Amino acid sequence: MNSIISSVVLPGVGPVCPECFSRGHVGALQLSPKEVYSFGMTEPRSQLDWDVDAARVLIAARPRTAERLDPSWLETWFAERTSVTAEHLDHIPADKLAEPAVLVEIMACPPEAEPQPFRILIDGTHRAARKLRDRQDCWAFLLTEDEQRSICTYQLEGQVVELPSFPGPGISDREAGILLTSVAECDDVA
């Protein structure tokens, strides 16, 4: 769960947290890097890249309820799928700490096996790690199948190709908790 690099020394600035630096949160430097979450697989050699900024735009345009993440799922996620910079956890501003993470669900499997739903935390890993450490509930917005596909780039053996699809609808608006206004409610307002 820990990163090897605990600080980066910047000329004229001094030591800074690499996570704060990568997100443009170093006061002396005004950076605004595009945030992309990448998830790699070994068989076949492939990589999924989600545009996190675009995910936030989709969520703002289509409000939804956040779902509580199971702490045991989070523990497994941190143990098997990702790493965090432990020193960065206390740098997260309180207003950002309350922000739900972003979750996608894909179908994945080893070669010759049956595809199974597999969830990936594409934003909020450090917030979730801090909340888990502090024994607080962690919440995440789930993207629909169409939303996650619209912001995902898929590379297979180093080449960008179309994201494969599997039979079935994937995550629907309802499953993603998208708040829909009924026609009757709209008529009452008019």
Side-chain angles (χ1 to χ4, degrees), residues 22-23 33-84 96-129 131-132 137-186:
S22 73
R23 288 163 175 75
K34 180 178 177 176
E35 197 167 345
V36 174
Y37 180 83
S38 298
F39 188 85
M41 294 169 278
T42 56
E43 191 59 39
R45 189 173 60 89
S46 56
Q47 180 172 307
L48 297 156
D49 297 313
W50 286 276
D51 182 335
V52 175
D53 298 322
R56 290 182 184 130
V57 169
L58 291 170
I59 291 165
R62 299 178 70 206
R64 64 203 69 210
T65 56
E67 66 178 65
R68 183 180 170 274
L69 296 177
D70 181 332
S72 63
W73 180 85
L74 277 173
E75 288 171 358
T76 301
W77 177 255
F78 292 125
E80 298 176 4
R81 304 290 180 194
T82 195
S83 63
V84 297
K96 293 295 274 180
L97 191 58
E99 183 181 316
V102 180
L103 192 63
V104 298
E105 183 175 286
I106 64 169
M107 297 297 284
C109 63
E112 310 302 322
E114 192 67 31
Q116 298 292 317
F118 179 73
R119 290 193 166 188
I120 300 173
L121 197 60
I122 67 166
D123 177 52
T125 301
H126 282 89
R127 294 189 307 270
K131 287 182 164 259
L132 187 64
D137 286 340
C138 183
W139 298 82
F141 293 121
L142 178 61
L143 296 183
T144 68
E145 176 71 13
D146 291 339
E147 287 172 332
Q148 75 91 10
R149 288 179 73 84
S150 75
I151 63 167
C152 185
T153 303
Y154 179 60
Q155 294 180 50
L156 179 63
E157 301 295 338
Q159 300 294 315
V160 174
V161 297
E162 186 175 334
L163 188 61
S165 61
F166 294 93
I171 298 296
S172 68
D173 286 1
R174 184 170 182 242
E175 291 169 309
I178 294 178
L179 305 172
L180 301 175
T181 306
S182 73
V183 174
E185 290 172 345
C186 291

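The shown structure was predicted, so the numbers you read here are calculated from the model rather than taken from an experiment. Below, all heavy atoms of this structure are taken into account, side chains as well, without hydrogens, waters or symmetry copies.
R127 places a side-chain N or O within donor-acceptor distance of the main-chain N or O of P100, the cut-off being under 3.5 Å.
F141 CZ to E67 CD: the interatomic distance, rounded to the nearest 0.5 Å, is 11.0 Å. One distance of note links CG of D123 with CG of D51; it measures 11.0 Å at 0.5 Å rounding. Taking CD1 of I178 as the reference point, atom OG1 of T144 lies at 5.5 Å (rounded to 0.5 Å). Atom CD of residue E145 and atom CG of residue L163 lie 7.5 Å apart, to the nearest 0.5 angstrom. Put simply, CG on L48 and CD1 on I151 are 11.5 Å apart, with the number rounded to the nearest 0.5 Å. Rounding to the nearest 0.5 Å places SG of C152 at 8.5 Å from CD1 of I122.
The side chain to side chain contact (heavy atoms under 4.5 Å, CB included) search around P115 returns M107, C109, F166, not counting sequence neighbours. By the salt bridge (charged side-chain N to carboxylate O under 4.0 Å, His left out) test, R64 pairs with E147, sequence neighbours left out. Under the rule for a side-chain hydrogen bond (donor to acceptor under 3.5 Å, both in side chains), the partners of D49 that lie at least two apart in sequence or sit in another chain are S38, Q47, Q155. For W77, the ring-ring contact (aromatic ring centres under 6.0 Å, His included) partners two or more places apart in sequence, or in a different chain, are W73. For S72, the side-chain hydrogen bond (donor to acceptor under 3.5 Å, both in side chains) test picks out D70, with sequence neighbours left out. Checked against side chain to side chain contact (heavy atoms under 4.5 Å, CB included), P71 has the following partners two or more places apart in sequence or in another chain: R68, L132.
For the pair V160/T153, a side-chain contact is recorded, criterion being any heavy-atom separation below 4.5 Å from C-beta on. Between L69 and L103, some side-chain heavy-atom pair lies under the 4.5 Å cut-off. Between I59 and L143, some side-chain heavy-atom pair lies under the 4.5 Å cut-off. Taking the side chain as every heavy atom from C-beta outward, Y37 and V104 never approach each other to under 4.5 Å. Looking at R81 and L121, their side chains never come closer than 4.5 Å, going by heavy atoms from C-beta outward.
Listed by first and then second residue, the side chain to side chain donor-acceptor pair (under 3.5 Å) pairs that reach into residues 167-178 are R62-D173, S172-E175, sequence neighbours excluded. Within the structure, the side chain to side chain donor-acceptor pair (under 3.5 Å) test picks out the following pairs touching residues 103-115 (sequence neighbours left out): E105-R119. A ring pair (Phe, Tyr, Trp, His ring centres under 6.0 Å) check over residues 100-121, counting only residues at least two apart or in different chains, returns the pairs F39-F118. Residue pairs meeting the salt bridge (charged side-chain N to carboxylate O under 4.0 Å, His left out) criterion with at least one member in residues 162-172, sequence neighbours excluded, do not occur.
Residues W139 and A66 share a closest heavy-atom pair of CE3-O, 3.5 Å.
Using a 4.0 Å cut-off between charged nitrogen and carboxylate oxygen, R149 and D146 do not count as a salt-bridge pair.
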